[in-house]
Amino acid sequence: MDGEYQVVEVIHSWSAPRSLSTSIMYSFAQRDDTEVLDEPLYAYFLRVTGAERPYRDQLLSKMESDGDKVIKHTIFGPGRKKYRFCKHIAKQRTCGLSGDIMKKGKHFILIRNPLDILPSFENVVPPSFSEIGLAGLASIYIELCDLGNPPFIIDAMELLQDPEGALRDLCEGLNIPFQPAMLKWEAGPKPVDGIWAPWWYGSVHKSTGFAPPNKYPKPFPPSLYHLLEESLPFYYFLRRHVKSSSSLLRSHLPPPSLPVPANEKLLAWVGDEILPRESAKVSVFDSVVQGGDSVWEGLRVYNGKIFKLEEHLDRLFDSAKALAFINVPTREEVKEAIFLTLIRNGMFDNAHIRLSLTRGKKVSSGMSPAFNLYGCTLIVLPEWKPPVYDNTKGIILVTATTRRNSPNNLDSKIHHNNLLNNILAKIEGNNANADDAIMLDKDGYVSETNATNIFLVKKGRVLTPHADYCLPGITRATVMDLVMKAGFVLEERRISLSEFHTADEVWTTGTMGELSPVVKIDGRAVGDGQVGPVTRQLQSAYKILTQDSGVPIPTYGKA
């Protein structure tokens, strides 16, 4: 009970400087069950690091600087209330401290965007990467997770915009009751303030609670830009782990589930490096963002080999040349990036690669390729991905009103990223609950689907549209070769939609879906509505081909 010494439960608050850590200390000081300590490890930090502060000598003369003693007697010593709130700055946890500080008590991490931290930092101490200490904050999070005690993380901006909601979330995360008294305190210095308060606490001494943030902050100083670049990745790393019920940091949409959960931890190649999924991003100045100015290929991996790799690279480089890309990586550089990315992911079978080559980053936003002075951006995005269609029971198609691009406008033989034409057709397919949508050319003849090439069988003859308005797909060419090897008559010509409606069999082809039977088009059953014999024969031949051919991935099958 209050007034008698007892074992207390310690609440550790970890933050970088200028992160509202003093405000949240004042908030906890208003509780009737909590005593607070203001940076109990500060003197220890100054002694072991030699860091200079205007109040260094005064602090070292009045505050215990033996870190282990502070932990044992001050932080975890007996107290008069149920809880002891300890405000810690991450950089003050230096090497040599007792591990008890991490293993005992409740922990939470308070983060704040370096955009808001840095401008006010240098009033007392020149800002530096080590002084800010965000890397140390990330390290504390990882260590606590490794100990099986992942800390609650709260963002300072959330505290300012919704103090009660944020504090309720925090108390719930710490498994302590929320007290309304935490929302207000008296202005002015406090008995709990550290010796350093006159240098650092001027603004918070004027406060009586968590005030709404300035809607329009001051311009960010360009002199601090390099520190911002260094610090932001650690802030964003921690922010991804914020657990909040407020609307500030939570999407209005529920977290989606991935079609293949293993892809949550994939590695992708962007530019010239391999990055984790959430860090694999291109610049907002990149041409693929500015105008969809990019070319791409889909590759599939079977049994340690990349199927039709050389053919896909031929088309990639042809497309880049047709679009007048300059400073293009070499063929060997692209292949090495693909191999390295697959090896790092351990992807040697049942995987798909989205390979993109953008015109690259621009020096200024705009349409002109004259702004592209950095060279192309290479993206290797691998995923665990089985064929995306039901190749056993078949798929359903509808015909879209959106027409396929004409060579008069944009040649489909360039495998470009300007896919809005196809996406509009796919929307029509989605709205009709179909797997994909057939697209017609400007004269009303069938071209392809929004994502694949298309074939039909009629009275033993195999037909496919000319590749005038559609992409002459590599899987399409492979299947055409298999058709002829199987002894079927193959005819490439204009085909009307009614011919597909009355076909004996229909299938689509593409790297992502392989050879997919079509059992219904526009509400009409194809043939008898079942997968036909020609389709099954070619599916078997295609499967054998993919298992037996392809470019081997180095190291596959080697010890």
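Judged by distance alone, the side chain of S19 and the main-chain N or O of A16 form a donor-acceptor pair under 3.5 Å. With S279 contributing its side chain and L275 its backbone, the two residues share no donor-acceptor pair below 3.5 Å. Under a 3.5 Å cut-off, the side chain of W507 and the backbone N or O of T509 do not form any donor-acceptor pair. No donor-acceptor pair under 3.5 Å is formed between the side chain of N450 and the backbone N or O of A425. Within the 3.5 Å criterion, the main-chain N or O of P517 finds no donor-acceptor partner in the side chain of E505. Side-chain atoms of D441 do not come within 3.5 Å of backbone N or O of S406 as any donor-acceptor pair. Distance alone, capped at 3.5 Å, places no donor-acceptor pair between the T452 side chain and the T449 backbone. Judged purely by atom type and a 3.5 angstrom limit, S139 has no side-chain atom pairing as donor or acceptor with the backbone of A135. No donor-acceptor pair under 3.5 Å is formed between the side chain of E230 and the backbone N or O of F129. In this structure a side-chain-to-backbone donor-acceptor pair under 3.5 Å is present from N372 to G360.
Counting non-hydrogen atoms of neighbouring residues, nucleotides and ligands closer than 6.0 angstrom, the NZ atom of K103 reaches no more than 12 such neighbours. Around CZ of F220, the count of heavy atoms belonging to other residues, nucleotides or ligands within 6.0 Å exceeds 12. More than 12 heavy atoms of other residues, nucleotides or ligands shown are found within 6.0 angstrom of NZ on K458. Residue E264 places its CD atom among 12 or fewer non-hydrogen atoms of other residues, nucleotides or ligands, all under 6.0 Å distant. The number of heavy atoms from other shown groups lying within 6.0 Å of CZ (F488) is above 12. Applying the 6.0 Å contact sphere to CZ of R277 captures more than 12 heavy atoms from other residues, nucleotides or ligands. Heavy-atom contacts from other residues, nucleotides or ligands closer than 6.0 Å to CG of N408 number more than 12.
Across every non-hydrogen atom of D504 and V526, the tightest pair is O-CG1, 4.0 Å. For P233 against E229, the heavy-atom pair with the smallest separation is CD-O, 3.2 Å. The two atoms that bring P552 and K305 nearest to each other are CA-CG, 3.9 Å, heavy atoms only. Across Y389 and S516, no two heavy atoms sit closer than the pair CD1-OG, 3.3 Å. Of all heavy-atom pairs between N418 and G291, the closest is ND2-O, 3.5 Å. Nearest heavy-atom pair, A503 versus L456, reported as atom, atom and distance to 0.1 Å: CB-CB, 3.9 Å.
Remark: I306 CD1 to S549 OG distance equals 12.5 Å, nearest 0.5 Å. The line from OG of S365 to CZ of F371 is 8.0 Å long, rounded to the nearest 0.5 Å. Between atom CZ of residue F152 and atom CD of residue E172 there is a gap of 8.0 Å, rounded to the nearest 0.5 Å. Residue I117 holds its CD1 atom at 10.0 Å from CG of L228, rounded to the nearest 0.5 Å. Taken from CG in L482 to CD in Q539, the straight-line distance is 11.5 Å, to the nearest 0.5 Å. Rounding to the nearest 0.5 angstrom, the gap separating the OH atom in Y302 from the CG atom in L545 is 9.5 Å.
A salt bridge links D443 with R494: the distance from a Lys NZ or Arg NE/NH1/NH2 to an Asp or Glu carboxylate oxygen falls below 4.0 Å. Here E158 does not pair with R239 in a salt bridge; the nearest charged N to carboxylate O distance is not below 4.0 Å.
Scored by the side chain to side chain donor-acceptor pair (under 3.5 Å) test, D286 finds T358, T377 as partners (sequence neighbours excluded). Applying the salt bridge (Lys or Arg N to Asp or Glu O under 4.0 Å) test to D349 and every residue at least two apart in sequence or in another chain returns nothing. When the salt bridge (Lys or Arg N to Asp or Glu O under 4.0 Å) test is applied to R168, the partners found at least two apart in sequence or on another chain are E164. In terms of the side chain to side chain donor-acceptor pair (under 3.5 Å) criterion, residue partners of R493 (sequence neighbours excluded) are, by chain and number, E491, E499. Listed by chain and residue number, D436 satisfy the salt bridge (Lys or Arg N to Asp or Glu O under 4.0 Å) test with K426 (two or more places apart in sequence, or in another chain).
Just one of V446, N422, L440 meets the side chain to side chain contact (heavy atoms under 4.5 Å, CB included) condition when paired with R404; it is N422.
Aromatic ring orientation, F307 versus Y542: perpendicular (interplanar angle above 60°, classes split at 30° and 60°).
Figure legend: cation-pi geometry between K362 and F285 absent, as NZ or CZ is not positioned both under 6.0 Å from the six-membered ring centre and within 45° of its axis.
Looking at heavy atoms from C-beta onward, R476 lies out of side-chain contact with E448 at the 4.5 angstrom threshold.
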D314 and R331: CA distance, side-chain angles, deciding distance, salt bridge (charged side-chain N to carboxylate O under 4.0 Å, His left out) verdict: CA-CA 9 Å; D314 286 342; R331 192 181 188 95; 2.9 Å; yes
Salt bridge (charged side-chain N to carboxylate O under 4.0 Å, His left out) between K335 and E310, worked out: CA-CA 9 Å; K335 289 172 75 170; E310 301 297 348; 2.7 Å; yes
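No side-chain donor-acceptor contact under 3.5 Å links Y445 and D468. A side-chain donor from one of D522 and H501 sits under 3.5 Å from a side-chain acceptor of the other.
Ring centroids of Y141 and F108 are separated by 6.0 Å or more, keeping the two rings apart.
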Ignoring hydrogens and angles, write down the donor-acceptor pairs under 3.5 Å from the side chains of residues 292-300, residues two or more places apart or on other chains.
from: D293; atom 1: OD1; to: R359; atom 2: NE; distance (Å): 3.4
from: D293; atom 1: OD1; to: R359; atom 2: NH2; distance (Å): 3.3
from: D293; atom 1: OD2; to: R359; atom 2: NE; distance (Å): 2.4
from: D293; atom 1: OD2; to: R359; atom 2: NH2; distance (Å): 3.4
from: S294; atom 1: OG; to: L357; atom 2: O; distance (Å): 3.1
from: S294; atom 1: OG; to: N417; atom 2: OD1; distance (Å): 3.1
from: W296; atom 1: NE1; to: H416; atom 2: O; distance (Å): 3.2
from: E297; atom 1: OE1; to: H312; atom 2: ND1; distance (Å): 2.7
from: E297; atom 1: OE1; to: R315; atom 2: NE; distance (Å): 3.1
from: E297; atom 1: OE1; to: R315; atom 2: NH2; distance (Å): 2.7
from: E297; atom 1: OE2; to: R315; atom 2: NE; distance (Å): 2.8
from: E297; atom 1: OE2; to: H415; atom 2: ND1; distance (Å): 3.1
from: R300; atom 1: NE; to: T511; atom 2: O; distance (Å): 3.0
from: R300; atom 1: NH1; to: K385; atom 2: O; distance (Å): 2.7
from: R300; atom 1: NH2; to: K385; atom 2: O; distance (Å): 3.3
from: R300; atom 1: NH2; to: M512; atom 2: O; distance (Å): 2.8

